[in-house]
Amino acid sequence: MNFRRSQNLFKSLISKAMSTKNSPKDLLAKHCSEVVSQIKSAGTYKKEREITSPQASEITLNSKKALNFCSNNYLGLSNNPTLIQTAKDTLDSHGYGMSSVRFICGTQNIHKKLEKTIANFHSMEDTILYSSCFDANAGFFEALFDSNDAIISDTLNHASVIDGIRLCKAKRFRYNHIDMSDLEEKLKQATGEGARFKVIVSDGVFSMDGDLAPLDKIVALAQKYQANIYLDESHSTGIVGKTGRGTPEHFGVEKEIDFISSTMGKALGGASGGYTTGKSEVIETLRQKSRPYLFSNSIVPAIANTSIKVFEMLNSSNDLTTQLKANVLLFRTEMEKLGFHLLGKKETAIIPIFLKDEKLATEFGNEMFDEGIYVVGFSYPVVPKGQARVRVQISASHTKDQILRAVRTFEKIGRKKNIIK
Ligand SMILES: *Cc1c(COP(=O)(O)O)cnc(C)c1O
C-alpha cells in the first residue's frame, strides 16, 4: 500500500468510527449511562442540592430556607466571623496559594506552627499535614508497613482507611465491628503468623452508627498482643471528650494511642485539610515516604493559619464542645420521649433514627426537607440491607428553638408514617 492510499484508508476509518458513534469515547459514555441507570433503578442515586448561602445551622437552597441537620459543622465554625477575618488577613500576609509540594518550596512558617499546635493539642510529638484526611489515611500504611506486618481493621472503618490499607502489602485482618473477641482472635492469628509490627486500626466515632470504638478494651488488647493503635478521629476531634480531644480523652487513654489522623474539614472550621500525629520518628519517615504528602500540593495558607486559630479557640475554652453536648442531649431526650428508635451513643453528635425500610428512609428524609428540615435518609449500600435510617447531625450552633422545631417535624412525619403513636 502506498502512503497516499494508506492515509486515505486511515481517514475513512476515523470518520466511520465517528459517524457510527462507536468511537472509544462514545462507547465509554454509553457504558456510563447504563451504570447510572442501574444506580437510579436501585434507588441509590445521589442528588446534590445546591446551597446558595454559607454553611450554617440555617441555610438557603436557591430560594428555600432550611434548618441544616446533616452537615459536619459540629462546632458551628464554618461561618465563624473570627475565623473568616483570620482567613482574610492571611490572604494579605501569606498570599493565596503555595504552588508547590511541601519539600520543594511549599512550607511556610504557619504550616510548621500548625503542625506543632496539633501535636500539642493531642499530646503527641509531631504532626504531618495533608490536603485531606482521606490523603492522611491513604498515605500512612504503605509508607510504613510491608508483607512482614499485619494490619487489623474494624469492618466499618471509613473508606479512606480501607483504601489506605489496601495500598499496602501488609497482611490484612478485618474484625467485626467493635467486636473485641473477634479482634482478639485476629490478633492471635497475626501473632501466630509472626508479624513484625501489628497495627490495630479504627475510627474513633463511626459516622453511620454514631457509636464509639471501645478504646479501653482495644488498648488492653494492644498491650497484651504488642500492637500499635491507629485511630481516625474525624468525627471526634472537637466533639468527644470534655475538652474535645476526642475518643482517647473520653476513655482516659490518651497516652496509649500511638497515631491519630483527623480532618480540618468537619468540626474544625470545615474548610479542608487533614493530618496524622504521633511519634516524631514516624512522622519524619512519613515526610520522606508518604506519597500524598510528597506528590500533592501544600495546604492553602489561609487554611493553615485559620486552623491554628481554631485550635487556640479549643485550647482556651470548652464552651462550644459543652454546648454541643447539651444540644445532643436535648435532641436525643425529646426524640426518645416520642418513641423513636435511636442508634448511637450520646457522646457523639451523630444520631441515626432507625427506620429499617429503605424506601421509608428516603421518603422520610425528603418529607422532612419539604418541611424545612434538612436531614438525609441512608440505605443500602451505605448501611447494611434492612438497616435504613435517617441520620441527624447536631451542631453547637443550633439554637434550642431550632432543635425543637426539628423534633416537632420528626413527630409530624413520624405520626403520618405510623412510626410512632
Ligand atoms: C470525613 C472522613 C474522612 C475524610 O476527611 P477529609 O478531610 O474530608 O478527606 C476520613 N475519615 C473519616 C472517619 C471521616 O469521617
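Every number for a ligand or one of its atoms is a count from 1 in the order of the listing. Computed over heavy atoms, backbone and side chain alike; hydrogens, waters and symmetry mates excluded.
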(message) Any salt bridge linking R408 with E411? Criterion: basic side-chain nitrogen under 4.0 Å from a carboxylate oxygen.
(response) no

(message) Are the side chains of N297 and S99 in contact, using a 4.5 Å heavy-atom criterion?
(response) no

Would you be so kind as to tabulate the donor-acceptor pairs closer than 3.5 Å made by side chains of residues 183-190, with sequence neighbours excluded?
residue	atom	partner	partner atom	Å
E184	OE2	K224	NZ	2.7
E184	OE2	Y225	OH	2.6
K186	NZ	R174	O	3.2
K186	NZ	D182	OD1	3.1
K186	NZ	D182	OD2	3.4

(request) Sequence neighbours left out, what passes side chain to side chain donor-acceptor pair (under 3.5 Å) with R166? Give chain and number order. (result) D163

Which atom pairs, nitrogen or oxygen on both sides, join ligand 1 and the protein at under 3.5 angstrom?
residue	atom	partner	partner atom	Å
ligand 1	7 (O)	C133	N	2.8
ligand 1	7 (O)	T263	OG1	2.7
ligand 1	9 (O)	C133	N	3.3
ligand 1	9 (O)	F134	N	3.0
ligand 1	11 (N)	H158	ND1	3.3
ligand 1	11 (N)	D232	OD2	2.6
ligand 1	11 (N)	S234	OG	3.4
ligand 1	15 (O)	H235	NE2	3.0
ligand 1	15 (O)	K266	NZ	2.6

(request) Please determine if E367 and K416 form a salt bridge, counting it only when a charged side-chain N lies under 4.0 Å from a carboxylate O. (result) yes

(message) Show every side-chain hydrogen bond (donor to acceptor under 3.5 Å, both in side chains) that has at least one partner inside residues 129-140, sequence neighbours left out.
(response) Y130-S290, N137-S160, N137-Y230, N137-D232, N137-S261

